[in-house]
Amino acid sequence: AQDEVATEDVQIGFWDECPAPENLPETVSIGAIFGLSGPISVYGGSQSQAVELALTEINESGYLGEGVTLVAITEDSAGDGEQAIAAMTKLVEEDQVVAVLGPTLSTEAFSADPVAQENGTSVMGVSNTAIGITDMGDYVFRDSLPESSVIPGTIAQATTILGLERVGVLYGNDDDFTLSGYDVFVQALEDNNIEIIGEETFARGDVDFNPQLTSLIAGEPDALVVSALAAEAVQIITQARALGYEGPIIGGNGLNSPAVLEQSGEASNGVIVGAAWNIANPAPLSVEFAMNFEEAYEAAPDQFAAQAYTGAWLYATAIRCADSVDRTEIRDALAAIQDFPSPLGLFSFAEDRNPIHDPVVQIAQDGKFAVLGAEE
Amino acid sequence: MLELINVSRGFGGVQALSGVSLSVPPQRIVGLIGPNGAGKTTLINNVSGLDHPNGGQILFDGQPIEKEPSHRITRLGIARTYQNIRLFGEMTVRQNLLVGQHSLGRANILEAVFFSPRYRREERQYRARAEELLERFGLASVAGMAAGNLPYGDQRRLELARALATEPKVLLLDEPTAGMNPTETKALGEHIQDLRNDGLSILVIEHDMSLIHQVCDEIYVLNFGQIIAHGTSDEIRTDPVVIEAYLGRDDDGAA
Amino acid sequence: MDTLLQQVVNAISLGAIYSLFALGYSLVFSILGVLNLAHSAIFMSGAFFGVLAVNQLGTPLWLAFILAMVGAGLLSVTLEFVAFRPLRRRNAPRIAQLISSIGAAILIVNIGQLIFLQQFGRTEAYFPRELVSLDPIIIESLSIRIAPIRMIIVVVSLLLTILMQYLVGRTQIGQHMRAVAFNQQTAALLGINVSRIFVFAFFLAGVFGGAAGMFYGVVFLNVTPFIGEDVALIGLTAIVLGGMGSIQGAVLGGYLVAGLQVISVVLGGSSYRNAVVFLLLFAILLVRPQGLLGQSESTRA
Amino acid sequence: MALLEVDNLHTSYGAIKALRGVSFQLSEGQVISLIGANGAGKTTILNTLSGLLRPTGGRIMFKGQDITGWRADRVAKLGLVQVPEGRQVIATMSVQENLSVGAHLRRDDLADTELERIFSRFPRLSERRMQKAGLLSGGEQQMLVVGRALMMQPELLMLDEPSMGLAPLLVNEVFGIIADIKALGIPILLVEQNARKALQVADYVYVLERGLIVKAGSANDLRKDPQILSAYLG
Amino acid sequence: MDALINGLIEILKPIGITEPVFQFMLVNAILGVSIYLTLYCGLFSLANAGFMAIGAYVGVILTQSFDLPLFGALLGGMIAAGLIAIPIGIPTLRLRDIYLAIATIGFGEIVRIMILNFDDFVGSILTLVQGERVRFTLIEGARGIKGIPKLTESWHLILFLLILMFFLTRLHHSRLGRAMTAIRQDEIAAASMGINVVYVKNVVFIMSAILAGAAGVFSGHLTRIVTPQAFGFDKTVDILAFAVLGGTSTWFGPIVGGLVLTALPESLRFLKEYRGVFTGLVLLVVIVYLPGGLINTTSWSKFIRRFTNRPESPPDENSGHSTTRAN
Ligand SMILES: Nc1ncnc2c1ncn2[C@@H]1O[C@H](COP(=O)(O)OP(=O)(O)OP(=O)(O)O)[C@@H](O)[C@H]1O
Ligand SMILES: Nc1ncnc2c1ncn2[C@@H]1O[C@H](COP(=O)(O)OP(=O)(O)OP(=O)(O)O)[C@@H](O)[C@H]1O
Ligand SMILES: [Mg+2]
Ligand SMILES: [Mg+2]
């Protein structure tokens with residue numbers, strides 16, 4: 001499926017379903033709520049950078065018509081639901097933005113998105129993966145694939161290729177992102193008749209995983225299944241290898257960060273991730289995005305950045321197609337987007353405003369990701 | 001009124017009280033003297049429930065009280081002052097006296113919230129009594145000051161007033177005149193005598209022998225946790241054992 | 001059996017990090033009588049100075065380590081001047097000092113965040129992976145694997161503990177520290193320069209906190225302005241469990257917390273490991289309200 | 001020139017003016033006593049001299065240096081040592097440590113000799129060498145703080161009610177010590193409620209009332225003063 | 001009432017206070033009072049975040065699963081928090097200072113961990129009983145309970161706070177209030193006044209828990225999701241800051257502290273990335289210059305004196321440990 005997207009002539013910003021707009025004011029403002037302070041700023045920060053990158057490209061290419069500038073008013077939520085509500089209220093009620101990106105965490109979205117819904121303003125999660133986000137209302141969208149769309153495929157592929165029978169599971173149980181990942185993993189493992197020989201948990205900010213890993217490894221699993229965020233993932237991978245574990249490590253979204261590969265080095269060999277986007281994605285739009293991002297910010301983008309970048313383009317497209325700053329018209333135009341070429345692949349919104357595009361399953365080899373099963 | 005039978009209290013190696021028997025009869029002022037570290041404060045601590053004896057009995061009105069906690073003992077009618085003053089330093093003098101009447105009240109917090117008649121009556125009584133004590137101890141002029149900012153002597157008087165606010169039957173005084181000059185000491189002595197005449201029984205610890213002789217009806221002498229003498233002021237003054245252990249030869253002939 | 005030994009090793013190396021952090025925390029508490037909640041920010045600054053030295057200045061590891069300790073020490077002294085001294089001068093309640101330490105922590109972490117963004121483009125940085133060998137030493141006969149850096153940490157933390165113990169218990173400045181800790185006014189009347197003792201204690205605590213932070217960074221590679229939050233609560237638990245103001249207590253507490261966490265995991269309760277730690281803390285405090293090695297009430301009540 | 005010269009000293013606690021212009025002098029080898037009612041400001045004078053309080057006006061000269069407003073530890077280092085009111089023992093330290101903590105100010109190396117001298121003078125302390133000072137009885141603590149001050153090798157010793165809370169035997173003992181210290185040539189500034197005893201050891205006496213010196217004279221003269229007799233000697 | 005609130009919010013909008021912010025301010029004012037009560041009694045208890053969590057979860061389950069109105073949930077949350085405070089308070093309140101603080105923080109962490117694992121725990125028991133793997137979901141662990149309707153209105157909070165303020169004024173003039181002050185200053189002397197120290201401490205602890213529980217119920221129905229992450233150590237520290245920065249010498253201080261510290265980050269949004277730095281700076285500067293908190297007369301008079309050049313008194317004793325013995 002990957003290859004179909006990777007046709008040479010597809011370029012972002014050239015979705016020609018809609019004519020160039022004519023009725024837009026000089027400045028169109030969208031809002032963005034990201035965690036820019038506190039521990040989640042690692043994600044929120046690059047999301048905000050990706051949005052800025054997209055806006056520069058959109059404005060330079062005159063995507064919204066001559067002389068029309070799309071700006072983002074970005075607010076910090078610090079990963080806190082109360083602050084997310086306050087930021088959302090400020091954006092939709094005071095700043096009168098036409099639509100909102102974010103917030104970074106699903107838990108924040110459950111707090112803040114209803115405010116947008118009640119005000120008839122679209123809100124698009126660009127990193128919310130929990131179940132039930134878009135159920136909050138017809139103005140609530142997301143472009144981030146829920147784990148439930150990624151992980152079953154990952155497990156199925158890994159099972160066929162590696163012939164898994166028994167695995168140990170390690171997950172963060174105090175974070176809804178890693179916990180949702182765990183839920184889906186367990187379901188997928190059951191569906192594939194794989195035995196779970198042990199389950200261990202950790203908490204956000206933990207640094208020593210030796211005890212849990214020692215217990216799990218003692219059961220001689222065929223693979224370790226890990227639902228963790230990047231910082232913990234690095235430790236888990238290196239510590240597992242240091243304890244002598246050599247088998248595959250299967251992870252979700254969280255392991256899918258350039259930092260994970262970079263920092264765990266050799267140890268990352270055999271790490272398998274299923275994700276919405278991966279830096280090794282060979283599709284031209286994806287490569288171009290990664291290149292531009294690195295050029296602008298001297299750091300490799302992660303999946304959350306790619307999704308935020310895509311989110312900004314999706315809003316630009318909706319505004320272009322609506323040719324209006326009316327919030328309802330923008331919402332309708334957004335919902336109608338189909339097969340939009342993006343770094344994530346050809347992107348469409350489903351009926352329930354969830355994203356539709358192909359996930360990727362990759363394995364790390366010599367410090368690089370390669371498509372699982374296609375590696376040499 | 002108050003009776004100690006064979007009371008003992010040890011702290012690790014130190015036997016602070018060993019088999020002390022002593023009684024404070026109604027309407028009497030009993031003095032307790034003895035060298036530093038003899039166990040006088042320990043004795044008061046044990047009577048007032050701050051500390052509990054290892055052995056022996058303490059009877060109040062015939063009831064054993066040696067296992068009762070401090071607040072219960074106060075409610076039974078035993079009040080005390082402290083050698084190292086323990087006022088509520090950030091509260092005003094008046095507030096200290098209001099707190100002193102805590103155990104007299106019955107009104108609970110709900111009554112306070114809803115201004116029940118009982119609450120209002122009690123508050124009125126507290127305040128009236130506080131004013132009375134302020135007058136009596138010459139503290140009216142400093143009633144609004146934080147207790148911690150008073151000079152030493154005033155603090156001592158306030159402590160005594162606060163102890164009286166609990167409406168005790170027995171009063172235990174631990175060096176009430178420390179830090180007072182002779183004039184003030186004398187005045188306090190007269191106060192103590194008035195209290196006795198009003199019906200209180202008093203146990204007083206002092207190193208100031210002039211006060212002891214001025215007020216005490218009888219005196220116990222404690223040394224190394226044991227009573228070594230008991231008698232009237234005159235008997236004690238001349239008891240060679242007491243002179244040896246405690247008084248020393250009084251070289252300026254006063255007292 | 002095999003795993004059991006490995007788990008013991010795990011507990012020891014984790015305990016070394018906790019106890020190193022707890023040492024400085026405890027020192028400042030005993031002299032200040034107030035929790036310095038900014039100590040976790042000092043810890044962070046150690047890792048931060050280290051990563052900055054290695055990545056931006058290209059210093060060798062040992063130099064980075066010294067820079068981290070001195071840098072954290074100086075920051076800690078700054079804290080004393082900015083957040084604590086003015087309040088002491090004003091004779092403020094201790095709880096006010098607690099709050100000012102919270103303010104200082106927020107300030108340092110946020111300044112850290114700005115500098116991270118400016119230096120690294122994002123709020124995290126990594127020690128280069130090649131800096132220390134993570135290849136474990138394998139003791140086949142016992143089937144134990146230990147990363148060498150962890151052994152170094154255990155040894156260094158032990159040495160620092162002994163040093164601290166000596167300093168506080170056996171030297172004049174240590175005696176003066178204890179006098180100041182008890183009552184500043186009395187100490188001043190004894191001719192002790194109270195301000196200097198404070199500066200010294202804060203510097204020492206900073207050096208220890210910085211060392212802990214640096215070790216943490218080197219072992220776990222990842223450094224963010226927020227790593228202090230990870231150890232703040234555990235460190236606090238360790239010093240209380242061991243007994244506030246007691247040096248051996250802080251160390252013992254660190255190892256005990258780590259040991260308990262590991263035991264809970266071994267017994268299959270990894271989700272409950274901190275609950276187990278706190279339950280034990282509860283139990284111990286009820287029996288020994290001053291913590292395991294805390295000074296028994298030297299005051300009578 | 002006098003060892004200590006206090007000139008027009010003013011000290012306030014917030015709005016409360018505790019000292020309102022106090023002047024006096026003390027020469028080498030002299031014992032001076034300050035007496036006065038509760039709250040007269042005696043402790044305030046000592047605290048101001050020792051640097052615990054900062055005066056709002058006036059000047060303090062000690063050993064020819066202007067020490068007005070100096071920090072307490074610098075004042076102590078210069079040899080002006082205060083034994084504070086109440087018993088300020090370091091409760092968490094042992095008796096022996098309490099004594100030795102002040103020894104760092106000594107200019108000689110006789111700390112150990114001094115320590116033994118103090119222990120022989122106060123056998124009760126000697127028995128409790130290793131006990132935590134906070135657990136001593138009131139009188140034992142009083143002995144400890146006097147001993148501690150001597151460990152500091154004072155050039156002028158300021159004692160704030162040293163006999164408070166002591167048994168008569170010990171009161172005699174303390175005044176014996178004061179006489180000994182005087183005999184050693186160490187000058188003393190003594191604040192006492194026990195005016196009779198104070199007048200026995202003092203060379204010169206100042207009477208303080210509400211922050212002002214209202215009377216001064218040699219101990220012998222004041223002992224005969226009828227006002228003093230009735231007010232302070234009871 | 002509504003018109004009044006709207007008018008007020010219109011006035012406050014220029015400094016970044018919208019209605020939800022206003023509501024969080026009021027919730028935090030309640031939390032400030034909750035910790036103030038224990039501090040006022042000399043108890044350095046930091047269990048408030050834990051009780052808030054209990055209130056929030058019980059309240060939310062009552063409205064979600066039992067269809068109770070907010071008022072019923074409020075009562076339920078307050079009662080639950082108060083009941084749990086009883087067995088927690090009896091053993092722990094004997095502890096002092098930092099030991100009490102850490103024991104109560106520990107309680108909060110245990111509550112958080114119980115919430116995280118509750119479903120799994122019940123699930124594994126059911127698995128044992130039924131012999132097959134059972135997945136139990138009630139409180140959803142770290143996922144949180146979602147989709148809570150926003151039932152809390154500004155006027156609920158204002159009314160609650162007004163009643164609370166009335167209660168506090170009366171408390172201060174009651175025996176209990178005086179006993180609390182006495183216990184804070186000297187427990188031993190307080191006992192000598194006939195005050196049952198243990199009883200009073202427990203009563204105050206329970207009152208504090210009830211208030212935190214109420215704040216939890218209100219907050220759960222404002223944020224629309226309750227997750228255990230929201231009630232961690234950070235929250236505890238925040239609550240403490242509300243009370244102390246506001247000033248603990250009167251009940252008015254913690255209310256002001258809760259209001260100001262909640263509004264502050266919102267009012268500082270214009271500072272963008274410097275917002276956090278300024279929040280820390282403001283906290284530091286305010287407490288350094290007004291150590292008694294914002295609402296404290298001596299604090300302000302000392303502050304003013306600084307600038308009229310009157311000398312201050314140097315530090316006074318008691319910087320060290322508590323008094324010696326009960327002589
Ligand atoms: N809690 C305690 N732990 C250890 N020793 C104690 C304790 N309380 C008292 N002591 C010791 O018991 C003895 C008696 O002390 P107590 O305070 O009763 O003496 P006192 O007669 O009041 O003396 P003073 O007149 O000096 O106040 C002292 O030697 C003291 O050191
Ligand atoms: N910390 C303080 N704050 C306010 N006022 C104080 C403070 N300390 C002392 N005072 C006041 O200053 C005056 C002098 O007090 P000081 O303690 O110097 O008296 P004193 O002569 O030593 O009395 P005593 O014989 O009782 O020890 C008193 O009126 C007292 O109330
Ligand atoms: Mg005594
Ligand atoms: Mg005095």
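Residue numbers begin at 1 in each chain, while the letters A, B, ... track the order of the sequences. The structure displayed is predicted, hence computed values, not measured ones.
For E:R184 and B:E90, the salt-bridge test passes: some basic side-chain N is under 4.0 Å from an acidic carboxylate O.
Proximity of E:Y199 to B:H71: side-chain heavy atoms (C-beta onward) are nowhere separated by under 4.5 Å. For the pair E:T181 and B:V99, the minimum side-chain heavy-atom distance is 4.5 Å or more.
For B:E159, no part sits under 4.5 Å from any heavy atom of chain E, backbone or side chain. For B:S48, no part sits under 4.5 Å from any heavy atom of chain E, backbone or side chain. In this structure, chain E has no heavy atom under 4.5 Å from any part of B:E175.
Crowding of B:R129 atom CZ: a count of heavy atoms from other residues, nucleotides or ligands under 6.0 Å exceeding 12. More than 12 heavy atoms of other residues, nucleotides or ligands lie within 6.0 Å of CZ in B:R118, so this atom counts as buried by the packing criterion.
Taking CG of E:N196 as the reference point, atom OG1 of B:T74 lies at 11.0 Å (rounded to 0.5 Å). Taken from NE2 in B:H102 to CZ in E:R178, the straight-line distance is 9.0 Å, to the nearest 0.5 Å. With rounding to the nearest 0.5 angstrom, the CG atom of E:D186 is 12.0 Å from the CD1 atom of B:I85.
Contact count against chain B (heavy-atom pairs under 4.5 Å) is highest for E:A182 among E:A182, E:A190, E:G177, E:S174. Of all the listed residues (B:G100, B:G148, B:S70, B:S103), the one sharing the greatest number of non-hydrogen pairs under 4.5 Å with chain E is B:S70.
Results of the side chain to side chain donor-acceptor pair (under 3.5 Å) test with B:Y119 over E:R175, E:R170, E:H173 single out E:R170 as the only residue that passes.
Across all non-hydrogen atoms, the minimal contact from B:V113 to E:F167 is CG2-CD1, 3.6 Å.
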